[in-house]
Each structure stands twice: as C-alpha cells, then as structure tokens.
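Below, read A as the first sequence line, B as the second, and so on, with proteins coming before strands; counting in each chain starts at 1. Being a predicted model, the structure only gives us computed values, none of them experimental.
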Amino acid sequence: MSGKLLKVDIHKKLKEFDLDVNFELKNGCLGILGPSGCGKSMTLKSIAGIVDPDSGIVSLATGKEHVYFDSDNKVNLKPQKRNVGYLFQNYALFPNMTVEENVGIGLQNNDEKVVSEMIRRFHLEGLEKRYPRQLSGGQQQRVALARIMAYGPDVILLDEPFSAMDTVLKEQLRREMANFLANFNGFSILVTHDRDEAFQFCDELIILDKGKIIAKGKTVDLFENPRKVEVARLTGCKNISKIEIVDDYHVKSLDWNVTFEVSEKVSSAISHIGIRAHDFYPAQKDDVNAVATADSTKLEMPFEWQISLANGLLWKLDKQMREHEFAIPEYLKVDPKNIILLEE
Amino acid sequence: MNDWSPILISMKTASLSILITFFVGLIVAWGIIKIKNDSIKIVLDGIFTLPIVLPPTVVGFFLLYIFGVRGPIGKFFIDFFATKIAFSWSATVIAAVVMSFPLMYRSARGAFEQVDSNLLDAGRTLGMSEWKIFWKVLFANALPGIISGGILAYARGLGEFGATAMLAGNIAGQTRTLPMAVYSEVAAGNMGTAFDYVIVIVFISFIAIFIMDYVSLRKEKQWR
C-alpha cells in the first residue's frame with residue numbers, strides 16, 4: 001500500500017535527559033531497543049497522546065493525513081481521537097469488567113458482533129464471563145489484544161509486552177504475537193530492552209540511549225554491523241574492548257591484551273572492537289588471531305557451554321543436552337572478518 | 001421516650017448530608033489528583049482536611065462567622081431569600097457536611113490514587129470519554145475504598161455535636177439531633193430517655209456499616 005506513512009519527531013525535556021526522537025515508518029513493525037529508562041515508553045506515550053511532548057510533530061497518513069500533534073500549529077489531539085492501540089506492559093485490563101466487557105468497552109455502541117468476532121479470533125471462547133484476575137498471563141495478553149483490535153486502530157504500540165513473564169510462557173506468547181503482527185495491516189511499534197524480541201519482530205530498528213537515537217536502520221544490518229559500542233552491547237555482543245591501533249589491519253585490545261588481525265582497514269575513529277561469543281573456534285598456536293585458553297573456567301547450560309577465558313573473553317559453544325564433558329582446546333581463534341570495529 | 005423528633009431530624013440530616021458529602025467529596029478528590037502543581041495541591045489538601053483536625057467548636061465558630069446573620073453568606077440569604085441559615089434545620093446539614101467532608105474526601109482520594117494510572121490511559125487510547133473513564137474505571141475500581149469513606153463520613157455526620165451546637169443550636173423539634181438529645185436528656189437528669197436515644201444511634205450506625213460493608217465485600221469477591 002502506498003501513501004502510508006507514520007511520522008514522528010518529538011522533543012521533550014525530562015529530568016535526567018532530553019528526549020529527541022525522530023523517525024518515519026512506511027509499513028510493518030518498528031522496534032525501539034534500549035536500556036530501561038532511556039525514553040522508550042515516553043516515546044510511545046507521546047505517540048498515543050498520553051504524554052505531551054514539548055515540541056515536534058506526530059502525524060499519520062493513511063490515504064488521508066491525520067495530524068496528531070504539531071507544536072508549530074498548536075495541534076494536539078486527545079488520545080481518544082488518535083485511533084492508536086496501546087498494549088501496556090501489565091495489559092491494563094479493567095479488573096472490574098468481564099472479558100467481553102473489556103473487549104467491547106472501546107466500541108461506541110458496544111457492537112456485540114465485533115466483540116464475538118474478537119473473542120473467536122483471539123481464542124477466548126468460554127472465557128467471556130471471566131474477570132481478568134481469573135485468567136492466565138497468556139489469556140490476559142490475548143484479551144488486551146482483542147480489546148485493542150475491536151477498536152480498529154491504525155497504529156499499535158507494544159510496551160515491553162513480554163517483560164514480566166516466565167520463559168515458557170514468553171516463548172509461546174512470542175509465537176502468538178509474531179503471528180498476530182504478521183496479519184496486522186497497519187503500523188506497529190515495539191519497545192523492548194530484549195535484543196531477541198527486537199530481532200524477531202522488527203524489520204526496522206531504532207536504538208535509543210538516554211533519549212537520543214544512536215542507531216537506526218534495518219534490524220539485520222544493525223545486528224551484523226553495529227558500528228557503535230553501545231549498539232554492539234545492546235544487540236548482545238558480549239566481548240567488547242578498548243583498543244590501540246597497531247597498523248591498518250591490526251589492533252591491540254587493551255582489556256584482553258591480545259593483538260588481532262582485522263579484515264577491514266582500521267580508521268582512526270575506531271576505539272573499540274567487539275567479538276560475539278559464538279564467533280570463536282578451536283585453533284592451533286600459529287593460527288591467525290589465536291588466543292590461549294589457559295586457566296579458563298567453564299559453565300554448563302542445557303544447550304550451551306560458556307567458557308570464560310582468564311583474560312576476560314567469553315566463548316559460547318552449542319552442545320547437546322546429554323553431553324556433560326568438554327575439554328577446552330588450548331587455543332581459540334576468531335576469523336578477522338568477525339571482529340567488529342566500533343566507535344565510541 | 002415520647003419525643004421522636006430527634007430521630008427524625010437526625011435521619012434527615014445524616015441522609016442529606018451524606019448525599020452532599022459523598023458526591024462533592026468524590027468530585028473534589030478527583031479534582032485534587034488531577035492538579036499537577038504540588039504546592040497548590042498541598043494547600044488545597046490542607047484546607048479540605050482542616051475540619052477533621054480542628055476542634056469541632058472551632059469549626060462551628062468559623063461556620064457561624066460565615067453563615068451567621070452578619071456573615072457574608074448568612075447575610076446574602078437573608079437579603080435575597082429572606083431565610084435565616086444559622087439556628088435552622090439547614091444549619092445541622094451544613095455542620096454535618098463540613099465535619100464529615102474530610103473523611104470522604106481523603107478516603108476517595110486514597111482509593112483513586114490506588115487505581116493503576118495505566119487503566120485510565122488505556123481507557124483514553126480506547127476512545128472512552130473522560131466521564132466514562134471516571135465512572136466505569138476510576139470510580140468502579142476505587143469503590144471499596146470509596147464505600148468505606150462513605151461509612152466513616154455517614155457515621156461522623158450522624159454523630160456530629162460540637163459544630164452543630166455552635167451553628168444550629170439545640171432547638172427541640174428543629175435542630176435537636178440525636179446526639180443533642182442525648183446531651184439534653186442527660187443534663188436534665190432523664191437517664192432513661194437518653195439511654196433510648198443511645199440505643200437508636202448504635203442501631204442505626206450498625207445497620208449502616210453492615211449494609212455498606214456487605215456491598216463492598218460482594219463487589220470485591222466477584223472480581224476474584
């Protein structure tokens with residue numbers, strides 16, 4: 001569909017920092033990844049109209065242009081007029097209303113047809129008369145989504161939807177959510193501090209730190225080439241070290257005290273390198289980028305060995321459930337092209 | 001006991017005053033939590049809470065100052081409606097409302113503040129009007145706390161003595177409420193009649209608490 005565009009450009013002074021976020025979204029799901037307290041939720045609330053930014057623009061074009069907020073022209077639509085669905089972290093279901101009352105509350109004439117359609121679509125049959133407290137976490141999330149969808153929003157905002165859940169439920173709900181988002185024909189924005197969620201749901205990603213966008217782009221690109229230290233850390237890179245440049249293709253890591261060969265010419269702006277924990281392989285002493293493993297410690301996970309080298313490097317290696325013995329090779333190596341060059 | 005008028009007067013006064021206190025208390029509590037400026041909030045909260053802290057006679061003194069024949073509001077009513085407020089039945093209602101108001105206001109405010117603000121924001125993003133959000137979300141979820149505030153306010157209004165004595169006096173058949181009647185009978189040495197009135201007060205108070213407790217308990221059970 002052409003002509004669809006969500007434009008967000010907001011500025012707001014907060015206690016700890018200033019929030020400056022701007023992006024445009026043409027379709028699909030945008031992820032906002034950042035540590036807690038970086039302004040992610042504030043951004044979503046500004047789009048929904050729950051919080052007023054100090055200045056900027058929030059507008060949505062769906063064939064027709066809807067301006068939600070425009071500080072220059074003194075436009076500030078109430079949240080009621082924005083047609084934006086907001087999935088709260090705790091779902092914010094009304095505890096005094098049954099499932100069907102919750103689903104129907106946003107409808108002007110409480111259209112029973114829409115309610116029963118949503119009940120069916122989100123597999124809530126038989127739970128219509130229950131109260132939210134009588135539902136499991138997964139059912140609550142489905143009711144919250146049904147309530148949003150009954151209202152027919154143009155944009156769905158998801159605020160850390162899986163943060164307070166046990167692992168088993170989380171995996172199941174992530175699959176449901178992926179399915180749901182794939183079928184949703186509008187914009188969605190997912191806010192999270194979890195890189196797996198960002199990677200799984202979002203085609204495009206914004207990385208937010210202290211209210212500022214530090215990286216923006218296609219999700220896969222940002223994961224493959226984070227460019228910045230903070231981005232590397234947030235996308236899950238476990239080994240990051242300050243470096244000294246030796247020559248065009250060699251850098252010396254100051255934290256691990258090892259010199260590495262890299263595949264790309266090192267520019268003077270590079271201050272750190274990153275190595276993902278899965279990118280190490282057993283090696284011989286004379287191999288390129290070999291690292292000695294003397295005095296390392298290992299930690300066994302169900303499907304993974306985590307080996308901490310004496311100099312602080314972390315190596316992760318997949319394993320079988322039944323496997324419990326593992327001899328750490330004397331040397332590990334990293335392919336020069338897997339060493340990520342980073343700027344501060 | 002051959003004079004039933006104190007019972008009737010007290011019932012009328014307590015009923016009308018709880019009606020006023022309940023709704024005004026709710027609206028004021030809602031208004032106060034919406035105020036963003038902290039210093040304004042503290043000052044207003046202080047004013048609305050004052051009657052519970054001050055001795056009732058002091059509150060009565062202020063009320064007499066305002067509603068008395070020469071007070072600003074008292075004079076206004078005499079000039080324009082030719083009605084005297086002080087030492088009339090309406091004075092018992094005013095005294096009961098002012099004295100019971102802080103209990104209602106504070107309970108309602110506490111109960112409102114306990115409601116998750118995300119619920120209100122969820123209501124807004126779902127297109128619910130502010131009025132609908134107030135009743136269906138804020139009020140409904142704060143109901144148990146609001147009801148207990150109502151009980152306290154009702155009991156306070158029913159038992160009001162000091163401010164009533166100052167503003168309404170103790171006129172038999174007009175402003176003599178049950179607590180006044182108990183005092184008068186004891187002062188006159190009629191312990192038996194006083195005892196009858198005491199029994200009535202205890203009975204009414206108990207019924208009120210029972211009804212309201214029952215309602216709030218049932219509501220809470222339903223959601224669990």
*side chain to side chain donor-acceptor pair (under 3.5 Å) contacts touching residues 143-160 of chain A (sequence neighbours left out)*: A:Lys40-A:Glu160, A:Ser41-A:Asp159, A:Asn83-A:Asp154, A:Tyr86-A:Asp159, A:Asn102-A:Arg147, A:Glu160-A:His193
*For chain A, which residues from residues 116-125 of chain B have at least one heavy atom closer than 4.5 Å to it?*
B:Asp116, B:Asn118, B:Leu119, B:Asp121, B:Ala122, B:Gly123, B:Arg124, B:Thr125
*Using modelled atom types only, decide if a donor and an acceptor are shared between the side chain of A:Asp70 and the backbone of A:Asp72 within a distance under 3.5 Å.*
yes
_Please report whether the ring centroid of B:Phe76 lies less than 6.0 Å from that of B:Phe67._
no
*asked:* Please determine whether a side-chain nitrogen of the Lys or Arg among A:Glu117 and A:Arg121 lies less than 4.0 Å from a carboxylate oxygen of the Asp or Glu.
replied: no
_Under 4.0 Å between a side-chain nitrogen and a carboxylate oxygen: does that hold for A:Arg174 and A:Asp194?_
yes
*Assign the ring pair B:Trp30 / B:Trp131 to parallel, tilted or perpendicular, where the plane angle (0 to 90°) is split at 30° and 60°.*
tilted
_Tell me whether the rings of B:Phe112 and B:Phe134 are parallel (<30°), tilted (30 to 60°) or perpendicular (>60°)._
perpendicular
*Top of A:Ala48, A:Gly106, A:Gly85, A:Ala92 for chain B proximity - count of heavy-atom pairs under 4.5 angstrom*: A:Ala92
*asked:* Please classify the contact of B:Lys132 with chain A as side chain, backbone, both or neither, using a heavy-atom distance under 4.5 Å.
replied: side chain
_Region of A:Leu87 in contact with chain B, defined by heavy-atom distances below 4.5 Å_ = neither
